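What follows is a short report on a single structure.
Remember, predicted model here, so these are calculated numbers, not experimental data.
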Amino acid sequence: MDEDDPVVEEVDVFLTKSLAESLYLFQYPVRPASMPDDLEHELVRIKPQQQKIEMELALDTTDKHFSRSKGEQIARNVDGAFPGETSVFKNGVMNRHFLTSSQAVMPSEIHRYAVGMIQEGELHLTPLHGIVQLRPSFKYLDKADNRLKQEKLDMEGESSQEEEESKPKAVTVRYIRAETEESKARREASYQYIEEKRAQEAWTTVDYQTSDSKESATDRNELLCQTEGQEVSQLYLSHRDYLSTLLSQPEKQSNNEELSLVQLQELGLADQVRLLLVNAKLLRFSDLQRFLHGSPDSTSVIKTLQTVAVLVQGCWVVKSEVLYPKDTTSPLTGIAADILCRGRDYMLWRFTQNSTVVRKELAAVIKLPDDDVKEILSQVSKPVTRLGWEFAYIKDEHFIYSNPDVVQRQRMLWDAKLQQLQKVLKFSKDADKKKSKESQGNRYRSRTKSQSKSEPMEVSSRVNTQKTTKIKTESQEKTDIANTTTVNTAEKNTAVESTSTVNTATENTTAESTSTVNTSIENTSIENNSTENTSNDAEAQQIKLQNFIRKKLLVNSVLSLNDLKKMAQLKVAECSPGEMTSSLSDYQVEQCAIQGGAIQMKVAWPPNSKGNCKLFTIRSIGNDLDIFREVLIDMFAVQFKYRKNSIAEKFKEILGEEPSTKAELDKVVKSLCVHRGQFWYLKGTVPS
């Protein structure tokens, strides 16, 4: 224990839920805490589903700080000179003011808050159902403005009423068209419709009790835990029983079902899959199998999955109609479930086409409030700077490769779903492709930026990874050469000595054998003593070769494996013996190029070319034109020739921009391409 932070007191903590479904915290941001709470509450009403509260508080018109003349003027402006039963201020003076609420904490976050009471050294906690802030409301001033406008219109209408009565009036007959699904969807997504749905919830009038009333005292007692028999401090319980006492029974709801993994074991496969996906929203197939009890076979799991989930990027996402059942509404805005499902399905379809989505573009099509758009995006994706919202998981290539029939079936389902969405939401698939291209350009920018920062470190790491292997290979080659030389020498000497007499041959052979053994032992001893020096020399030679190849690629941009090998051989010939390795194989040159930061290019070869040589380049060389360089490299994997204006148009299509000047465009193109006739070809794909 830290001596500077001692434990002052320990208290027992109790949890009570007697008022958990009806306990609200009221905040008054514009009301000082010192103001007395003895005002008369004339009316208090609430809309429970929206957690909306309104209060009418009496004003003391006899107080010395109250201006009666101002109060009468405000009442006259609102209700006119002769107030009636429907007037706001029936006594002809502003004798009350109004408070209306706004949510301080979203319903999805309220579970984090509780009210605590300390009594006799014990802390009693009660979860809150809502937190609202009450501020003054001036809606009655709107009534005053409307009344003045109406009086003005009435005065203007009386002067022309006599003339209009003498003239015949034309009657226009209108026929109301049957509402289509499309027009119904637009109407239900409008702000006016949402406000009308909110207004349909009836107000519930409640009684206000002061803090010193009997009712308030009774409710305060409910904030104290009364059932002490449920304490969980028994240390003699097993760890499983102890956890069971902590787990409360879940409350099953129609649109937000929660269940523990222990309770999942009691359910069938279909219910397990459904509840896991409803709670997680998004799961990989491998992760889902780990949570399922009973280790069911993959075929049964996939068959069950397709009834409650859809495939996106190789991962399984819960279906919208399962997450938002029919006849339910959004917990945030109250929008109908079918509208939420259409918007969410469009969002999921966008993720099947691209790993990123821009929220503004999505909201422009589905026309949902910002809170709902953010909610459905956060279920399956995460915000990424300058890219938008990125799908939460990397594409599950393993599942896609292992289950091609399932992937094909899901693709057909998405095609059918797309046709339905296009009819209702009225969006263009071509426009979405254009947006996908813009997202692709953002990915190029992000990748280029990350490569420019991390490339030197990666090159260094690759160099160090290969050092030991290459040194061992060269050492083994030297040992093999030494052994071969010894054997050949022994054979040659034996053949020469065979022409002499038997005694002489025997004597010479014995001597030669002894010499050979001694020589081998001596050579082995020398090699063992010089292993460390050889390793250091081989390492230095390897690094020099990598740096040489990288410099050549930076200068020439694109080089074939044969060109790199020839340049390396010329460099070795110019160097002094032992400065660079003299044994250059194709594999060694290729590995040095890759370790130096190069890539082997995927190339669409011209029809008449052999197309069998390997071409290497460096994607990012560390300047502002790298992003265009990367796009051009990928373009030649699709097509073998381009016109210069086609290249500029491709830059504009993918990146949304092109080099700022013609000189910069020429610099990018000429660094990677050669000109033949009216077209530009990748270097190395046509004769020089």
Side-chain angles (χ1 to χ4, degrees), residues 24 26-104 130-165 190-210 333-334 369:
Y24 289 81
F26 286 7
Q27 298 177 346
Y28 298 87
V30 298
R31 181 184 177 90
S34 58
M35 183 177 292
D37 189 19
D38 56 355
L39 296 176
E40 181 181 354
H41 291 68
E42 295 188 355
L43 177 65
V44 180
R45 57 182 185 172
I46 182 174
K47 287 186 176 183
Q49 292 184 3
Q50 301 178 38
Q51 296 188 2
K52 188 173 183 180
I53 295 122
E54 287 187 355
M55 291 184 179
E56 295 182 9
L57 306 179
L59 286 176
D60 185 5
T61 57
T62 62
D63 190 272
K64 63 179 181 179
H65 299 294
F66 181 80
S67 174
R68 189 171 186 85
S69 61
K70 290 292 183 181
E72 292 175 349
Q73 181 181 352
I74 293 174
R76 191 181 304 109
N77 291 338
V78 174
D79 300 321
F82 305 99
E85 290 297 326
T86 59
S87 300
V88 178
F89 306 110
K90 299 177 183 179
N91 296 331
V93 63
M94 181 184 173
N95 58 355
R96 55 181 172 161
H97 68 283
F98 307 88
L99 299 178
T100 186
S101 69
S102 61
Q103 288 186 346
I131 301 177
V132 297
Q133 292 183 347
L134 289 155
R135 291 183 172 87
S137 175
F138 302 97
K139 288 184 178 180
Y140 53 85
L141 296 180
D142 296 335
K143 184 179 178 181
D145 293 339
N146 294 334
R147 190 185 63 79
L148 292 174
K149 291 179 182 179
Q150 186 61 40
E151 290 179 355
K152 185 177 180 181
L153 291 175
D154 292 342
M155 293 178 61
E156 293 176 354
E158 289 177 358
S159 61
S160 58
Q161 184 175 2
E162 296 180 356
E163 298 178 2
E164 292 180 357
E165 288 178 353
S190 64
Y191 177 79
Q192 181 181 358
Y193 178 82
I194 296 172
E195 287 298 309
E196 290 175 356
K197 292 290 288 184
R198 291 178 176 178
Q200 288 177 4
E201 184 182 359
W203 286 102
T204 301
T205 303
V206 296
D207 295 330
Y208 177 83
Q209 303 293 336
T210 60
T333 59

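- Atom CZ in Arg45 sits 7.5 Å away from atom OG1 in Thr205 (nearest 0.5 Å).
- Nearest heavy atoms, Gln50 versus Arg198: NE2-O, 2.6 Å.
- Of all non-hydrogen atoms in Met94 and Leu59, the two that sit nearest each other are O-CD1, 3.9 Å.
- In terms of heavy-atom proximity, Leu134 sits nearest to Met55 at CD1-CE, 4.0 Å.
- Taken from NZ in Lys47 to CD in Glu201, the straight-line distance is 6.0 Å, to the nearest 0.5 Å.
- Note that the NZ atom of Lys197 and the CD atom of Gln200 stand 5.0 Å from one another [nearest 0.5 Å].
- Atom CG in Leu43 sits 10.5 Å away from atom CG in Asp207 (nearest 0.5 Å).
- Using bins of under 30°, 30° to 60° and over 60° for the plane-to-plane angle, the ring pair Tyr140/Phe98 lands in the tilted bin.
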Would you sort out whether Arg135 and Ser102 count as a side chain to side chain contact (heavy atoms under 4.5 Å, CB included), showing the intermediate values? CA-CA 8 Å; Arg135 291 183 172 87; Ser102 61; 3.5 Å; yes

Derivation of the side chain to side chain contact (heavy atoms under 4.5 Å, CB included) call for Trp203 and Lys52 | CA-CA 9 Å; Trp203 286 102; Lys52 188 173 183 180; 4.0 Å; yes

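- Here Arg96 contributes atom CZ and Glu40 contributes atom CD; the two are 11.0 Å apart, rounded to the nearest 0.5 Å.
- Residues Thr61 and Phe66 share a closest heavy-atom pair of O-CD2, 3.4 Å.
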### Task
Could you check Phe26 against Leu99 for side chain to side chain contact (heavy atoms under 4.5 Å, CB included), going step by step and ending with a plain yes or no?
CA-CA 12 Å; Phe26 286 7; Leu99 299 178; over 6 Å; no

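- Looking only at distances, no side-chain donor or acceptor of Asn91 sits under 3.5 Å from a matching main-chain atom of Val93.
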Review point. Stepwise, does the side chain to side chain contact (heavy atoms under 4.5 Å, CB included) test hold for His41 with Leu57?
Key: CA-CA 5 Å; His41 291 68; Leu57 306 179; 3.1 Å; yes

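- Scanning both residues, Gln133 and Ala104, for their nearest heavy atoms gives CG-CB, 3.8 Å.
- Within the model, atoms CD of Gln51 and CD1 of Ile46 stand 7.5 Å from one another, a figure rounded to the nearest 0.5 Å.
- Closest approach of Ala58 to Glu42, counting heavy atoms only: CB-OE2, 3.7 Å.
- Annotation: Asp142, atom CG; neighbour count of heavy atoms from other residues, nucleotides and ligands within 6.0 Å is above 12.
- Counting non-hydrogen atoms of neighbouring residues, nucleotides and ligands closer than 6.0 angstrom, the CD atom of Glu196 exceeds 12 such neighbours.
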